[in-house]
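Working notes for the structure below.
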Amino acid sequence: MTSPTETIENPLRAGIRLERTAEPCVVTIFGATGDLTKRKLVPALYSLMQQRLLPAEFAILGFSRPEMTDEEFRARLREAFMEYGDKETFDEAVWESFANGMFYMSGDFADANAFQTLRSRLEAIDNERGTEGNRIFYLSTAPSFFGLISEQLGKAGLNESEGWTRIIVEKPFGHDLESARGLNSELAAVFQEEQVYRIDHYLGKETVQNLLVFRFANSIFEPLWNRQYIDHVQITNAEAIGVEGRGAYYEEAGVVRDMIQNHVFQVTSLIAMEPPASLSANGVRDEKIKAMQAVRPIPLKSVDEFAVRGQYGAGYVLGDTVPGYREEPGVSPSSSTETFAAIKLYFDNWRWAGVPFYIRSGKRLPKRVTEIAIQFKEVPHRLFTETDEPLEPNVLVIRIQPNEGITLRFGAKLPGQMMRIRWVNMDFRYGSSFGVHTPEAYERLLLDCILGDSTLYARRDMTERGWEIVTPILDAWKRSATDFPNYEAGTWGPKAAFDLIERDGRHWRRL
């Protein structure tokens, strides 16, 4: 029997990721009739097949409750692909080959016999498709089933095979610190940590991956990446949409659980981390967790000094009238769930001591944008005191979505006889610079799992650390009353969010 996983020690060489065709394998998708399978997983796997990054000996086995034949499953996924996939690049011959490897079985997650049937099906697929016993189990279900499915896989002996076995767990990974630790323990009772891939699709975005290259492949930035030159960091994750029919889910989550403790903290760790000794999975993830362990604890009694929350009311977004959060389907008319949060973090280490990281995330804001702004300190002595425009500090902006790219803002003299200074941008855009299709995040993440590269997946300690940081905030908010809604849809959040940064003598960037 081979080891459960094989970690790629150096996935980058000279700034270019080495392309490798994956080994034969079968991906079992629990919850295969759900939206994630139709919208993301199957289009991503088809794209990998079309790029010849998956071998012919590849298969998908759907596992869900509804009764369905293999042929019906294939027809349903084809229909979904034509709705959600890239129809312009669709190739009938590639799809036929891809679809021939699709299979389906009906079963109940609580039924141990169904998992014995699953084992038999996988053995049959191994023989038919030549997948060599290499298996991935993808938990695309409600989080309440994660522990149960893991336990059933263990009882059926599916946590190991003649090849390698891996399990992908979707977010949300727990509802709080206690539940995250409980889920980690349930997974650890069945699978080794090297087999567990906790997916965070933000880490699959090209711009997020480029943070490593930007920081550690360019010698001009790293010497400036510290408290001596950086005044503060702003990380904004803004969405123009509301809860999009997910009111019942969002009532249990809120923006801190849904976005900040996972997506936003993952991005924050890439900005704050030290250079890794190598680009191995654990080399990178060790430095990320070391950075997050340096986050200063927020005292329960002082939460209001470090975190504020908001909930949107009715308003206008992109020219359309939209309802308030409490008027959304599935939402309580007296809901106290936050749809906006702003948090100030400090990292107590030598690199970042005294440098605040301002984080904000929210729904029904004026536009969809995710960006990181590194604001440098002012010049130590102002020579240009008679210019017609006040000098501002340099800013480095990394745009994750949309219009992915990097902008450096600096001052330059206007042509003419007078000493007039204007701010100009040095702008890099992915689309215009490379002229290639940017792959979907799930393409990269699924391929990495098949290849055994867990660099872009969250490790156990990282998931728990995120909850440790936000737990005092969530506890304080449970104890205090709220006056919601406190910001109008189509604005940049409640007044308290502006007070949070302005009392430090700073201001939020205009996006």
Side-chain angles (χ1 to χ4, degrees), residues 1-7 22-34 37 41 45 54-55 57-68 70 73 101-170 173 181-199 446 448-454 457 459-460:
M1 184 184 302
T2 60
S3 62
T5 186
E6 297 174 10
T7 301
E23 295 179 84
C25 72
V26 55
V27 177
T28 300
I29 303 175
F30 293 96
T33 55
T37 302
L41 301 185
L45 290 169
L54 296 181
E57 301 83 11
F58 175 81
I60 298 172
L61 175 58
F63 185 119
S64 201
R65 190 184 299 271
E67 296 283 347
M68 200 183 316
D70 292 344
F73 182 57
M102 292 181 183
F103 305 91
Y104 181 83
M105 66 167 285
S106 173
D108 191 308
F109 302 146
D111 182 6
N113 291 328
F115 284 79
Q116 291 298 333
T117 303
L118 171 62
R119 178 170 183 155
S120 298
R121 259 334 266 285
L122 288 171
E123 290 172 352
I125 292 171
D126 283 342
N127 292 329
E128 178 181 340
R129 301 286 298 178
T131 49
E132 302 179 0
N134 295 326
R135 295 164 184 173
I136 291 175
F137 297 106
Y138 198 117
L139 305 192
S140 177
T141 68
S144 56
F145 292 116
F146 292 170
L148 173 62
I149 295 172
S150 175
E151 180 185 4
Q152 295 281 36
L153 289 170
K155 288 180 178 178
L158 288 169
N159 56 330
E160 57 183 14
S161 70
E162 292 302 315
W164 45 256
T165 301
R166 297 164 190 148
I167 184 169
I168 299 179
V169 185
E170 267 287 345
F173 198 86
R181 285 174 172 165
L183 178 54
N184 275 326
S185 296
E186 289 176 320
L187 291 169
V190 180
F191 295 95
Q192 299 177 39
E193 176 62 24
E194 292 78 11
Q195 294 176 276
V196 181
Y197 288 66
R198 300 168 188 84
I199 197 166
L446 285 167
D448 277 0
C449 181
I450 296 170
L451 293 173
D453 182 1
S454 57
Y457 286 83
R459 203 167 60 185
R460 174 175 182 163

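Just so you know, these numbers use all the heavy atoms, side chains as well, and skip hydrogens, waters and symmetry mates.
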**Item:** Steps toward side chain to side chain contact (heavy atoms under 4.5 Å, CB included) verdict (Asp70, Met102)
**Value:** CA-CA 7 Å; Asp70 292 344; Met102 292 181 183; over 6 Å; no
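- A salt bridge between Arg166 and Asp448 is absent, with no side-chain N of the basic residue lying under 4.0 Å from a carboxylate O of the acidic one.
- Atom OG of residue Ser64 and atom CZ of residue Phe30 lie 10.5 Å apart, to the nearest 0.5 angstrom.
- Counting heavy atoms from C-beta outward, Cys25 and Phe58 have side chains that approach closer than 4.5 Å.
- Looking only at side-chain heavy atoms (C-beta outward), Thr33 and Met68 come within less than 4.5 Å of each other.
- Of the charged side-chain nitrogens involved, at least one lies within less than 4.0 Å of a carboxylate oxygen, so that Glu193 and Arg198 count as a salt-bridged pair.
- The shortest side-chain heavy-atom distance between Thr131 and Leu122 does not fall under the 4.5 Å cut-off.
- Rounding to the nearest 0.5 Å gives a distance of 12.5 Å between CD1 of Ile167 and CD1 of Ile199.
- Atom-to-atom distance recorded for Leu158:CG and Ile149:CD1 is 12.5 Å, nearest 0.5 angstrom.
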**Prompt:** Given Val190 and Gln195, is the side chain to side chain contact (heavy atoms under 4.5 Å, CB included) satisfied, shown in steps?
**Reply:** CA-CA 10 Å; Val190 180; Gln195 294 176 276; over 6 Å; no
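- Here the options are Ile29, Ile136, Val26, the test is side chain to side chain contact (heavy atoms under 4.5 Å, CB included), and the partner is Ile60; only Ile29 passes.
- Note: Gln152 CD to Phe109 CZ = 10.5 Å, rounded to the nearest 0.5 Å.
- Among the candidates Val169, Val196, Leu187, the single residue satisfying the side chain to side chain contact (heavy atoms under 4.5 Å, CB included) test with Ser150 is Leu187.
- Of the candidates Tyr138, Phe115, Phe145, Phe63 forms a ring-ring contact (aromatic ring centres under 6.0 Å, His included) with just one, namely Phe115.
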**Message:** Is there a side chain to side chain contact (heavy atoms under 4.5 Å, CB included) between Glu123 and Ser161? Walk through the geometry before answering.
**Reply:** CA-CA 10 Å; Glu123 290 172 352; Ser161 70; over 6 Å; no
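- Put simply, OG1 on Thr37 and CG on Leu45 are 9.5 Å apart, with the number rounded to the nearest 0.5 Å.
- To the nearest 0.5 Å, atom CD1 of residue Ile125 and atom CG of residue Leu61 are 4.5 Å apart.
- For the pair Asn159/Phe137, no side-chain contact is recorded, criterion being any heavy-atom separation below 4.5 Å from C-beta on.
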